[in-house]
Amino acid sequence: MHPLMDAQLGAFTFFASSLPHDVCGSNGLPLTPNSIKILGRFQILKTITHPRLCQYVDISRGKHERLVVVAEHYESSLNDFHKQGSPVSPEKVLQIAYEALEGLEFMNKHGMVHRAIAPHNILMDCKGNVKLAKFGLYHMTDHGADVDFPIGYPSYLAPEVIAQGSFHPSDPSHREAPLPSGPKTDVWSLGLLLLELCVGRHLLQSIDISERLKFILTLGCMDDIITVLAEEHGCLERVKELPENVLALLRKCLTFSPSKRPTPAELLRDPVLEGVARLYTPFVKPVGLFSSSLRCAHLELPDDISELCKDDGDDYLAERSIDEVYYLWCLAGGDLEKELTNKGIIQSKPPVCTLPNFLLEDGESFGQGRDRSFLLDDTTVTLSLCQLKNRLKDVAGEVYFPLLEDEQSSLPHSISSNELSAAVTLPLIIRERDTEYQLLRIVLFDRLLQAYPFKKNQVWREARVDIPPLLRGLAWAALLGVEGDIQAKYDAIDKDTPIPTDRQIEVDIPRCHQYDELLSSPQGHVKFRRVLKAWVVSHPDLVYWQGLDSLCAPFLYLNFNNEALAYACMSAFIPKYLYNFFLKDNSHVIQEYLTVFSQMIAFHDPELSNHLNEIGFIPDLYAIPWFLTMFTHVFPLHKIFHLWDTLVLGNSSFPFCIGVAILQQLRDRLLANGFNECILLFSDLPEIDIEGCVHESINLFCWTPKSATYRQHAQPPKTPSDNNGFSKASSCFSPDFQDLPKSDWSREPLKLSDLKGEVSPRISVEDFIDLCELSGPAHFKTPTKRTKSGKPKILALDIRSSEDFNRGHVPGSINIPCSTASGPDGELVQTAVTSTLLGFRGRVIVVISHVMKNASMFTAHLVKANYPRVCILDGGINKMKPTGLLTVPSPQI
């Protein structure tokens, strides 16, 4: 969107038609309210940006099918010329004509027609240039079918529109809707406006509306419509004085027959406007963030660089995009309905005044007539920015121009005042509602995203703090590594040819996050269908599984007007976190995933793991929807956004930590209940504190050795240069927690049956050496609670016999022979182990043996004894021998 500059924010309201409550559609579901249909169609209007069109910003839905539209607005309009009462110069008329036609042509290229052209809807900016307002009303209302009022003004409607008459779907006298108006209808309306400017008065406003319509229809038998209109209103002399090119333009516009009337595009290239056209340069649409074109191709620097440094004022807010200003206006306490109520546009009535009208037998009428407020009041109310500007008056100017050097942007406080930096420590929900803080974050992310992919690392670093909701869609795309001409790739996919999956998609979409007005709209369903089908068609080796629609929902919501970006994000997200989950036979992938998750529960919370296993409440019963949809099936969208803000920063093992964090929030209730109660608990999941869940997930992730979540069915590892995890300095994730290429010391894949037989996870020799910080055969640094690199402390527990231990062991490890720790029935001798391990409780305990079966049994006993963070060294001591890091104790003298 373009900057606000000298524009204002305006709001107008209208009602959609009400639908009967007891009628269902062909699918058996209630009919979609017309207000939601309009809301869905409106979204595309926000993407239509042109210098001659007022930018649409937002639409909100209120009670009783009320809709409030926010758009760019200017106080000056063509009505101002009529108030002056004198004709407008021919040069100005031609300028207005050309600029209006530019806007109409751009609309027509997007398949839209204005149909509501009137003097008050052709606004003028401070430079006197045309800005067409309310150009989307005809489109968003489905050509007027979803409202109870006609679109357009009778004085300016084209004859063919008047001849069709009014139409409403609920009217039984109309069997089928008339054809929608075409671009030529706007040319007639514009012609009447231009003629009025030339003569300096309203031509068709003084006569009765029925007479007015009859008069317009009788013009069809006239040879010279301009002369007839001028004679009818006593301004023939003024018309005769007009230049020939202006008269020619008016005659072309006011051609009665639509087949002979030119379109806006044809008029723009007509010789009558040739002289005006030379004064204008063609509009070039800015290149999007994800494109094959250069975003700076049209960048021109002035000859004198100092011109860039001139301060034209301190209204930095006006230089921000109009959608940013509106977003901040809402955060600063802006209330659309309150603004309209204060201006008298919205008027509340006591219920007794809204009783229906009814007739007695004698014909006497009681009650209220038709409420005029449900008809269109096209008054636009200017939204005052005073409250927002007062809120931001203490924000330093430097905030609007952040430095992007590494040392300047690691944390928000480096580019803001102390008060703003203090906001970083506040809960996320408060930060997202803080006007000053969101201004800082929006400006910073906007600058970083404009430099994507060059500033990809800084986008990632700032996202560790938080992501501004206004730019969340683009930020996720950058974090997922989306690049290139995504629109061309998306357009190349066949989304129209029927496929077997179509039926299932049609069934799933009406059940997916339909509480959301945007996704429940018909436009939302169409976009859902196209994005899902594009993914299915472009991944022939995978299939559609129920849950894919839930995965699509967050991306579609955030990129509603950019299906290609929604598809690209989804295509990057699935292989990273759900690799091979959508195979036709995914049982082996799911079972391995659930087994690793079960080991994670035992690793972090053995008491809870023991209880759930005892009552038979295994992850297969509740966790499949969690991971198959990455929690989108169990949480509403607003919680998913906060959860995924962190998820997209981590690697494929982070969802395990989220799952454990959810269980820990429900821990007390789970421990106190049996199988049936747990089933009921998860059938209607209680409220989950998402921010607490995220913080706990990060903590769990930092305590989890990276190889403990190894899965042989995970996405093939990337090179270290491709890693994109959490920073070491952030007490969060670390880049070396990412999936790394396989080496000789990496974990070996296990058969699923063997993996299920082990309660605790395995870690690789490579991971073990890294966590122990072993740098040589005789060096072992016992880690503190947390090393400087943020890694967890670790204890090496060797369960071989004393003789084997003395032949060579890991430096710093302790020895508890398995034979001495086990009783005659195979159970762990608690006293023998407790006396040794009591002081090490809480560390990551790595059990080392030369027989993996012994290590598996020993760790199972430790978990049974509620020892947390227990794992097995994969390959045991035999895999450690080639490292040269084992040590032999010095002989006793």
Side-chain angles (χ1 to χ4, degrees), residues 2-3 5-7 48-55 72 74 76-78 80-81 86-110 112-114 117 119 121-133 135 183-184 186-200 226 238-255 260-287 293-294 296-304 307:
H2 58 77
M5 303 308 289
D6 62 311
I48 300 179
T49 301
H50 191 275
R52 306 295 171 236
L53 301 176
C54 286
Q55 180 70 55
E72 180 182 2
Y74 298 86
S76 179
S77 70
L78 290 192
D80 298 342
F81 293 106
S86 58
V88 179
S89 67
E91 295 77 12
K92 187 64 177 178
V93 170
L94 291 175
Q95 176 206 332
I96 292 173
Y98 188 85
E99 292 179 353
L101 289 169
E102 275 191 316
L104 292 175
E105 182 198 30
F106 191 79
M107 287 171 49
N108 299 157
K109 288 180 178 178
H110 288 78
M112 297 182 190
V113 175
H114 197 301
I117 288 181
N121 284 341
I122 298 186
L123 309 183
M124 311 293 287
D125 63 15
C126 65
K127 296 180 180 179
N129 295 319
V130 165
K131 291 278 190 176
L132 299 181
F135 65 86
K184 295 182 178 181
D186 290 336
V187 173
W188 173 278
S189 302
L190 180 62
L192 277 178
L193 279 176
L194 296 176
L195 180 58
E196 289 181 343
L197 290 175
C198 291
V199 301
I226 303 297
R238 289 184 181 178
V239 171
K240 288 182 178 180
E241 295 173 359
L242 294 175
E244 186 58 35
N245 59 343
V246 175
L247 277 173
L249 174 64
L250 293 176
R251 289 191 176 98
K252 290 177 184 292
C253 290
L254 295 176
T255 301
K260 299 178 181 178
R261 195 185 311 149
T263 64
E266 292 169 347
L267 267 181
L268 278 175
R269 290 151 188 81
D270 195 279
V272 297
L273 291 173
E274 185 177 359
V276 185
R278 297 196 200 101
L279 304 176
Y280 294 89
T281 56
F283 170 69
V284 179
K285 188 175 181 180
V287 178
S293 303
L294 291 175
C296 57
H298 301 283
L299 180 63
E300 293 183 3
L301 294 176
D303 296 332
D304 184 4
E307 291 291 325

Which pair of heavy atoms, one from [X] and one from [Y], lies closest together, and at what distance?
| X | Y | answer |
| --- | --- | --- |
| A7 | Y74 | CB-OH, 3.4 Å |
| L279 | G275 | CG-O, 4.1 Å |
| A100 | L132 | O-CD1, 3.8 Å |
| N129 | Q95 | OD1-NE2, 3.7 Å |
| P90 | V246 | CB-CG2, 3.9 Å |
| C54 | L123 | SG-CD1, 3.8 Å |

Going through the distances and angles, do L249 and L267 end up as a side-chain contact (heavy atoms from CB on, under 4.5 Å)? CA-CA 8 Å; L249 174 64; L267 267 181; 3.9 Å; yes

By ring pair (Phe, Tyr, Trp, His ring centres under 6.0 Å), which residues pair with Y280, not counting sequence neighbours?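 Ring pair (Phe, Tyr, Trp, His ring centres under 6.0 Å) check on Y280 returns Y98.
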
Pair R52 + E105: basic N to acidic O under 4.0 Å: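 Salt bridge flag = no for E105 with R52.
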
Roughly how far, to the nearest 0.5 Å, is [atom2] of [Y] from [atom1] of [X]?
| X | Y | atom1 | atom2 | value |
| --- | --- | --- | --- | --- |
| L194 | I122 | CG | CD1 | 7.5 Å |
| K109 | H50 | NZ | NE2 | 7.5 Å |
| C253 | L101 | SG | CG | 6.5 Å |
| L94 | L197 | CG | CG | 11.0 Å |

Just wondering, do [Y] and [X] contact through their side chains at under 4.5 Å, heavy atoms?
| X | Y | answer |
| --- | --- | --- |
| F81 | I96 | yes |
| L192 | E196 | no |
| E244 | V272 | no |
| E102 | F283 | no |
| V187 | E266 | no |
| P183 | L104 | no |
| N121 | S77 | no |

Applying side-chain contact (heavy atoms from CB on, under 4.5 Å) to L53 and K131, what does each step give before you reach the verdict? CA-CA 5 Å; L53 301 176; K131 291 278 190 176; over 6 Å; no

Checking V93 against L250 for the side-chain contact (heavy atoms from CB on, under 4.5 Å) test, could you report, in this order, the C-alpha distance in whole Å, the side-chain angles of both residues, the deciding distance, and whether it holds? CA-CA 10 Å; V93 170; L250 293 176; 5.7 Å; no

Quick one: does E72's side chain have a donor or acceptor within less than 3.5 Å of a partner on Q55's backbone?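 Side chain of E72 to backbone of Q55, a donor-acceptor pair under 3.5 Å: yes, one is there.
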
One pair to check against side-chain contact (heavy atoms from CB on, under 4.5 Å): T263 and N108. What are the steps and the verdict? CA-CA 9 Å; T263 64; N108 299 157; 5.6 Å; no

